[in-house]
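Report on one structure; see the data block that follows.
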Amino acid sequence: MTTITGNEHGQDFESRVNELGRELLSRVKPERLIALTPAWWQERLMGWASADPQFRVKLLRFVDVLPSLKTSQAIADHVRQYFRDDGRAPIRLGTGLAGRGVLRPVLSRVVREGVVTMADRFIGGSGPDEALPRLRRLTGDGIGYTIDLLGEAILSEREADVYLERYLALIDTIATGAPTGTSNVAKPNISVKLTALTSHFEPAAPEATCEAVKRRLLPLLRRARERGVFVNVDMEQYRFKDATHVTFADVMLSPEFRDWDGAGIVVQAYLKDATHDIDHLHQLARRRNIPMTVRLVKGAYWDEEVVLAAQEDRDPPVFEEKAATDANFEHCVGLLVAAHPLLRPAFGTHNPRSIAVALAETEAAGLPVGAIEFQMLYGMAEGLRKAIHSMGYQTRVYIPAGEILPGMAYLVRRLLENTSNESWMMHRHEEGDPAELLARPWPSGPEPREVRAFTNEPPAEFNLPQVRTAMDHAIAEVRDRFGGYHPLLLAGAGVETGAWDVVTYPGDPQAVIGWVARATTGSADEAVLNARQAFPAWRGRGATDRAAILRRAAALLSERRLEFAAIEIFESGKTWAEADSDVCEAIDYLRYYALQAERLQGQPVDLGVPGEDNQLLYEGRGVAAVIAPWNFPLAIICGMSSAALAAGCTAILKPAEQSPIIASYFTRLLHEAGVPGGVVQYLPGPGEEAGQHLVEHPGVDLIAFTGSNAVGRSIMEAASIVRPGQRNIKRVVAELGGKNAIIVDDDADLDQAVSGVVASAFGYAGQKCSACSRVVVVEGAYEEFRSRLGAAVQSCVVGPPHDPYTQVPPVVSAEARARIEGYLALGEAEGTMVARTRVNGAGHVVAPHVFENISRDSRLAREEIFGPVLLLFRAHDFEDALDIAMDSDFALTGGLFSRNPRNIAHARREFRVGNLYINRRITGAIVGRQPFGGLRMSGIGDKAGGPDYLLQFMVPRVVTENTMRRGFAAE
Ligand code: NAD
């Protein structure tokens, strides 16, 4: 556990902190706002937002959507939808105006101007030129600045090029236009986010990311050095931190920049590993023996880090308590001051106590006043900044520049900060009690985590070096096992049949991963016989016992998760993240179905009345044939078989021809966990032989199938025929294909929509049943979406799956590639190509393609392609978009990107697919959170990973006993 010590001094130091803090606060001059001025209105708005969480959400969401609203009607409509129920008089007036056609232009102008003025408070200007007068004013007052460029998320190399050009222009503008002084603080200074310098900043591959970033970072640094401009590297979300440090260190140690003292970097004190970052930077500075500026901040992505960690069921990388961050900040202040002069501390905080600690630490260390500086965000805590300045310290403001509307994310972040419950910076240092403001932060320690009956296995954090190293080892180890033999596993024994099928690596088809025994009909018969014999004992074992075994299997799999992921990388061509999430899903199924079996079968349901005992009980259906596809090679076979086992069935696993090896490992793992050899068996072989034989076998009671529609229907048909010796009507569980659409509304956040569509359409080269293969864009957003999507697709990184920098891997086999290429030829003949990724990789590579102008009736638009092919449709309006999206025989997943509450509500009702995702990608369903399964031709609809799934593997029985004897009833 991380302990936070705060500063390590005694009472004298505390007294000095107090004195300096009081002096600081006494110098703060409160700013009085004049009633009814724009600033006054903003204060009120922020006041409401701080006091009323619902209003805060509405305000932030409205500010967020505003840039995409092109007409006064759209603005008025959104004002009404967002604020309709609000009782505040000025807001009521606004929503009232929004309802009147003639007044809409006035309302929309007022609203836009209002937001732009609000932004103006935090933003230096729409571009460098516009920011210059403010910069001059600042430097004239002896205050430094660092300027950063706002913009949209960078989704393509084209956008990254434009961003670099903007930065180069910024450097030139401030180098020539803004006055400089001799002091360090007066030098022109810019801040840069490295994620904006490449379209593929991949935390799992810091070295490759570093190379990609350097293509633009080096020209930027060269220009800055030439023009005497200081460059500060900003820190963003935690997942990007390691790659940012790797890149920074690489450049700083390069011969070209080794002796340059014009660069700095940020440390975020809200991170539990912030002190490690300072150590690391100190070592870097020692190696260079050149001073380096480190800006210590608390961190601006707290909400996001906490929410993402909660979603992934893991501890967040940040302290959850504000006092803990404050204490850690103080601790980091001490470390930075001690590292002076190699590290030059710059303290970025608006908290008087933190500032006072920095002053006291510097003083205690005997550093000159000029050794440190304080940085604050433009437009925030002005009074405090002036107070520090008046005490003779260097101050600098962080001032973003850029078009406000595209840079809205920045404004939202600042508003979030200003209106949060923890925020005191608007008023408290003017009004508050100094003793309270300057009190030492005492974290009370993290709250114990809630223990839940089921939690999802969190994805591997490939952003962490130790996890990457472990994955590299797993990959190397699995590679060493290439060429192994995998017999059938019948009643716990390895069985060879004389015929072996070869499995090769889709990223290098010459590489033989292994040989797998091909089941014969005789071996299938033997498997069924074993399964029948094992069934009564397994059924009789009881849910608790079976659940314990499955949980043991989950624990074993969790221990070996990287090894299993590595097998998937080679056998199925999954990228690191895709392989890892497939293994996590498998672990989740084992735990989830164990729990569900206990829930359903723990004890019979009592339905009795006096004198009569009625019990409803569920038990295993019998022998299950589990017939699985290759595209989620472990999760699906594990999900179907763990459901069968949990319910009390015995299972025969028939994996797909393309992915039998992982299933062999999995079967052995189940045996190791305690599942008896006859209860789970491994029977690989071609679908038309072993698979079909199982389906038709009279001893099989249930077929759990996931795969294509054609095979699924043929299985249902074959299963309906009763054969000699058959006692049970077969139950078929069928999860089939999809032809999934995402709708992009005209007010969608295109940063989110483009990246969501790319991830949904091209993740695992589109070989997911849930993949997006059609995107339907409402007229107003079409051109911009197409242009950004096209550029993003051209920028996709196609490569071998073992390389963690790869975004799109090859497809699974030569046959799959040939089939997809047939569809590409059709696309070229029937439609217009919007974009294609350039590829030159090895293996079964298919370039991602986007087509438009394809008829809705074309085979391309109706058949499941199962490859990286995306069709773009234009809709007149939202209704039309919904009509196009629903015009399919399939109904598995669907998606919507919209910020229009009415359209979102409409889609919830009418976009009838098995799994609808709003404002996120449409792939990656998580067990227990998004129970998964399709409607129409996509399946029978029982949701895998949901509470009803297990019932399909069970038979219900009711036992009624009359407990009355001669008028006497037992209680
Ligand atoms: P597929 O239908 O070709 O094969 C699936 C399995 O069925 C394989 O194990 C195969 O050997 C077996 N099989 C083939 N013919 C058979 C027969 N006549 N009798 C018995 N078994 C037979 O599918 P695939 O190519 O492995 O997987 C891709 C398909 O799976 C896509 O259509 C995809 O959409 C679908 N899928 C659906 C879901 C879902 O949850 N709805 C999930 C993953 C994949």
Side-chain angles (χ1 to χ4, degrees), residues 501 516 518-519 521 524 571-572 574 578 582 585 589 625-641 643 652-660 662-663 682-697 700 703-719 730 732-740 764-773 811-813 815-816 819-820 863-867 888-893 913-915 922-925 927 930-946 949:
D501 286 316
V516 178
R518 182 187 298 190
T521 51
E571 184 175 37
S572 305
K574 290 245 166 193
E578 298 276 358
D582 192 60
E585 188 178 338
Y589 280 128
V626 173
I627 302 180
W630 49 266
N631 65 331
F632 290 97
L634 179 62
I636 292 182
I637 204 159
C638 169
M640 294 192 290
S641 53
I652 301 168
L653 275 52
K654 208 307 276 171
E657 294 84 323
Q658 299 86 338
S659 60
I662 190 91
Y682 171 66
L683 195 78
E688 301 76 10
E689 297 168 22
Q692 195 162 333
H693 192 69
L694 283 179
V695 168
E696 293 170 358
H697 200 293
V700 167
I703 299 134
F705 171 79
T706 306
S708 61
N709 179 274
V711 175
R713 280 185 293 134
S714 79
I715 285 179
M716 291 175 108
E717 209 174 312
K730 290 179 185 171
V732 180
V733 175
E735 312 281 340
L736 311 174
K739 184 73 188 172
N740 313 301
Y764 193 35
Q767 304 170 106
K768 299 184 188 180
C769 48
S770 51
C772 169
S773 63
V811 298
V812 73
S813 63
E815 299 78 64
R819 198 177 38 75
I820 299 163
E863 294 174 4
E864 184 182 42
I865 300 175
F866 227 58
S888 170
D889 294 339
F890 296 100
L892 184 52
T893 63
V913 289
N915 287 67
I922 65 170
T923 52
V927 173
Q930 292 109 13
F932 188 78
L935 313 177
R936 294 189 180 167
M937 290 294 158
S938 294
I940 325 184
D942 291 288
K943 298 285 193 189
Y949 187 74

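Since the structure is predicted, the reported quantities are computational estimates derived from the model, not experimental observations. Both counts, for ligands and for their atoms, begin at 1 and track the order of listing.
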For atom 42 (C) of ligand 1, the protein heavy atom that lies nearest, with its residue and separation: Cys769 SG, 3.0 Å

Whether Ala628 lies under 4.0 Å from ligand 1, heavy atom: yes

Contact check, side chains of Leu892 and Phe932, non-hydrogen atoms, under 4.5 Å: yes

Protein contact to atom 17 (C) of ligand 1 [nearest heavy atom, distance to 0.1 Å]: Gly687 O, 3.5 Å

Ligand-side contact atoms (ligand 1) for residue partner Gly691, heavy atom cut-off under 4.0 Å: 19 (N), 20 (C), 21 (N)

Contact atoms of ligand 1, heavy-atom distance to Ile636 under 4.0 Å: 42 (C), 43 (C)

Ile715, portion touching ligand 1 at heavy-atom distance under 4.0 Å: side chain

Proximal atoms of ligand 1 relative to Phe866 (non-hydrogen, under 4.0 Å): 28 (C), 31 (C), 33 (C), 34 (O)

Side chain to side chain contact (heavy atoms under 4.5 Å, CB included) between Arg518 and Glu689, worked out: CA-CA 10 Å; Arg518 182 187 298 190; Glu689 297 168 22; 4.0 Å; yes

Distance filter under 4.0 Å to Phe705 heavy atoms, resulting ligand 1 atoms: 2 (O), 5 (C), 6 (C), 7 (O)

Shortest protein heavy-atom distance from atom 31 (C) of ligand 1, along with the residue and atom involved: Glu864 OE1, 3.4 Å

Close N or O approach (Thr706, ligand 1; < 3.5 Å): no

Heavy-atom nearest option to atom 15 (N) of ligand 1, drawn from Asn915, Ile703, Val711: Val711

Side chain Lys654, main chain Val626, donor-acceptor under 3.5 Å: no

Pair Asn915-Thr893, side-chain donor/acceptor within less than 3.5 Å: no

Main-chain N/O of Ala719 paired with Lys730 side-chain donor or acceptor, under 3.5 Å: no

Within-shell test, Pro655 vs ligand 1, heavy atom, strictly < 4.0 Å: yes

Straight-line distance of Thr521 OG1 to His697 NE2, nearest 0.5 Å: 9.5 Å

Phe890 and its side chain to side chain contact (heavy atoms under 4.5 Å, CB included) partner, picked from Asn740, Leu935, Asn709, Val913: Asn709

Check: Glu735 side chain, Gly933 main-chain N or O, donor-acceptor pair, under 3.5 Å: no

Residue, atom name and distance, where the atom is the protein heavy atom closest to atom 35 (C) of ligand 1: Gly707 O, 3.2 Å

Identity and separation of the nearest protein heavy atom to atom 27 (O) of ligand 1: Pro629 CB, 3.3 Å

Per-atom contacts of ligand 1 with Gln692, taking only distances under 4.0 Å to non-hydrogen atoms: 18 (N), 19 (N), 20 (C)

Is_contact(atom 4 (O) of ligand 1), protein non-hydrogen, under 4.0 Å: no

Option set Ser708, Gly933, Ala734, criterion heavy-atom distance to atom 2 (O) of ligand 1, minimum: Ser708

Side-chain (Ser938) to main-chain (Ala891) donor-acceptor, under 3.5 angstrom: yes

Numbered atoms and elements of ligand 1 in range of Glu657, under 4.0 angstrom, heavy atoms: 10 (C), 11 (O)

Side chain to side chain contact (heavy atoms under 4.5 Å, CB included) between Phe705 and Val695, intermediate numbers included: CA-CA 10 Å; Phe705 171 79; Val695 168; over 6 Å; no

Atom 25 (O) of ligand 1: nearest protein contact (heavy atom, Å): Trp630 NE1, 2.9 Å

Flag, side chain of Tyr589 to backbone of Ile637, donor-acceptor distance under 3.5 Å: no

Lys574 to Phe632, cation-pi by 6.0 Å centre distance and 45° axis angle: yes

Nearest-contact summary for atom 12 (C) of ligand 1 - protein heavy atom, Å: Ile627 CG2, 3.6 Å

Heavy atom of the protein closest to atom 37 (C) of ligand 1 (residue, atom name, distance): Leu736 O, 3.1 Å

Atom indices of ligand 1, in the order listed, that fall short of 4.0 Å to a heavy atom of Asn631: 43 (C), 44 (C)

Closest to atom 11 (O) of ligand 1 (judged by heavy-atom distance), picking from Gln658, Glu688, Lys654: Lys654

Candidate pair Trp630 and Gln767, rule side chain to side chain contact (heavy atoms under 4.5 Å, CB included), full reasoning: CA-CA 10 Å; Trp630 49 266; Gln767 304 170 106; 3.3 Å; yes

Candidate pair Glu578 and Lys768, rule side chain to side chain contact (heavy atoms under 4.5 Å, CB included), full reasoning: CA-CA 11 Å; Glu578 298 276 358; Lys768 299 184 188 180; 3.0 Å; yes

